[in-house]
Amino acid sequence: MKKEHQNFFHDVFEVVKLIPKGKVTTYGAIGAYLGLKSSARMVGWAMNASHAEKGIPAHRVVNSKGLLTGKHHFETPTKMEELLKKEGVKVKDGCVVEFTKHLWIPSKELL
DNA sequence: GACATGACGATTT
DNA sequence: GAAATCGCCATGT
């Protein structure tokens, strides 16, 4: 690990950091913003590296269904829901309520 | 250097 | 309409 390939991770982190409070985005949206159309996996993978950075609201990043797939990667499986609820995002059974309403797409919002 | 895996998405069968 | 499969790129072994 000499040259930390944060190249694409850094981009993801930057976008995630830009997510307004009370909003959520999807892996695909971030991927599309970075030009990685169908590389949503990489986005999720980058989030795995989010532990290397601080202030990465990974709880605001969910899959296209609004499902908190990454909740299991948090300190606690419920931490993600707690954080989202705390910010005004209603979560039920691991799913974001009114997901599309809270959806925040960088390609459109930052247009 | 090859194989397997990973917090997903879209497409095809 | 649901299930299975490919694609996508990087990381770890």
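Values reported hereafter were calculated over all heavy atoms of this structure, with side chains retained and with hydrogens, waters and symmetry mates removed. Just so you know, these numbers come straight off a predicted model, no measurement behind them. Numbers restart at 1 for each chain; the letters A, B, ... are given by sequence-line order, proteins then strands.
- Between A/Val24 and A/Leu84, some side-chain heavy-atom pair lies under the 4.5 Å cut-off.
- Looking at residues two or more places apart in sequence or on another chain, you find no side-chain hydrogen bond (donor to acceptor under 3.5 Å, both in side chains) involving A/Lys85.
- For A/Phe9, counting side-chain heavy atoms from C-beta on, the closest listed nucleotide (C/dA10, B/dC8, C/dC9) is C/dA10.
- Listed candidates were B/dG6, B/dC8, C/dC8. Nearest to the side chain of A/Tyr27 is B/dC8.
- Rounded to whole angstrom, the span from the NE2 atom of A/His10 across to the C1' atom of C/dA10 amounts to 17 Å.
- Look at CE on A/Met47: it is 12 Å from P on B/dC8, rounded to the nearest Å.
- With a 4.5 Å cut-off on side-chain heavy atoms, A/Val62 and A/Thr69 do not count as touching.
- When the C1' atom is used for both C/dA3 and B/dA7, the distance is 22 Å, rounded to whole Å.
- The separation between A/Asn48 atom CG and B/dC8 atom P is 11 Å, rounded to whole Å.
- Among the nucleotides C/dC8, C/dA10, B/dA7, the one closest to any side-chain atom of A/Ser50 is B/dA7.
- Judged purely by atom type and a 3.5 angstrom limit, A/His102 uses its side chain to pair as donor or acceptor with the backbone of A/Gly22.
- Within 6.0 Å of atom NZ in A/Lys17, more than 12 heavy atoms from other residues, nucleotides or ligands are found, so the atom counts as buried in its surroundings.
- Across all their heavy atoms, A/Trp104 and A/Lys23 have their closest contact at CB-CB, 3.7 Å.
- Contacts of residues 100-107 of chain A with DNA chain B (heavy atom under 4.0 Å): none.
- The distance between atom CZ of A/Phe8 and atom C1' of B/dG6, rounded to the nearest whole Å, is 11 Å.
- Taking atom CD1 of residue A/Ile30 and atom C1' of nucleotide C/dC9, one finds them 16 Å apart after rounding to whole Å.
- The CE atom of A/Met42 sits 15 Å away from the P atom of B/dA10 (whole-angstrom rounding).
- Residue A/Glu75 holds its CD atom at 12.5 Å from CE of A/Met80, rounded to the nearest 0.5 Å.
- Residues A/Arg60 and A/Lys21 come closest through the heavy atom pair NH2-CA, 3.6 Å.
- Of the residues in residues 58-80 of chain A, A/Ala58, A/Asn63, A/Ser64, A/Thr69, A/Gly70, A/His73, A/Phe74 come within less than 4.0 Å of DNA chain B through at least one heavy atom, sorted by number.
- Rounding to whole angstrom units, CG of residue A/Leu36 and P of B/dG6 are separated by 21 Å.
- Distance check: A/Leu68 CG to A/Phe99 CZ gives 10.0 Å after rounding to the nearest 0.5 Å.
- Atom-to-atom, NE2 of A/His51 to C1' of B/dG6 comes out at 14 Å; the value is rounded to the nearest Å.
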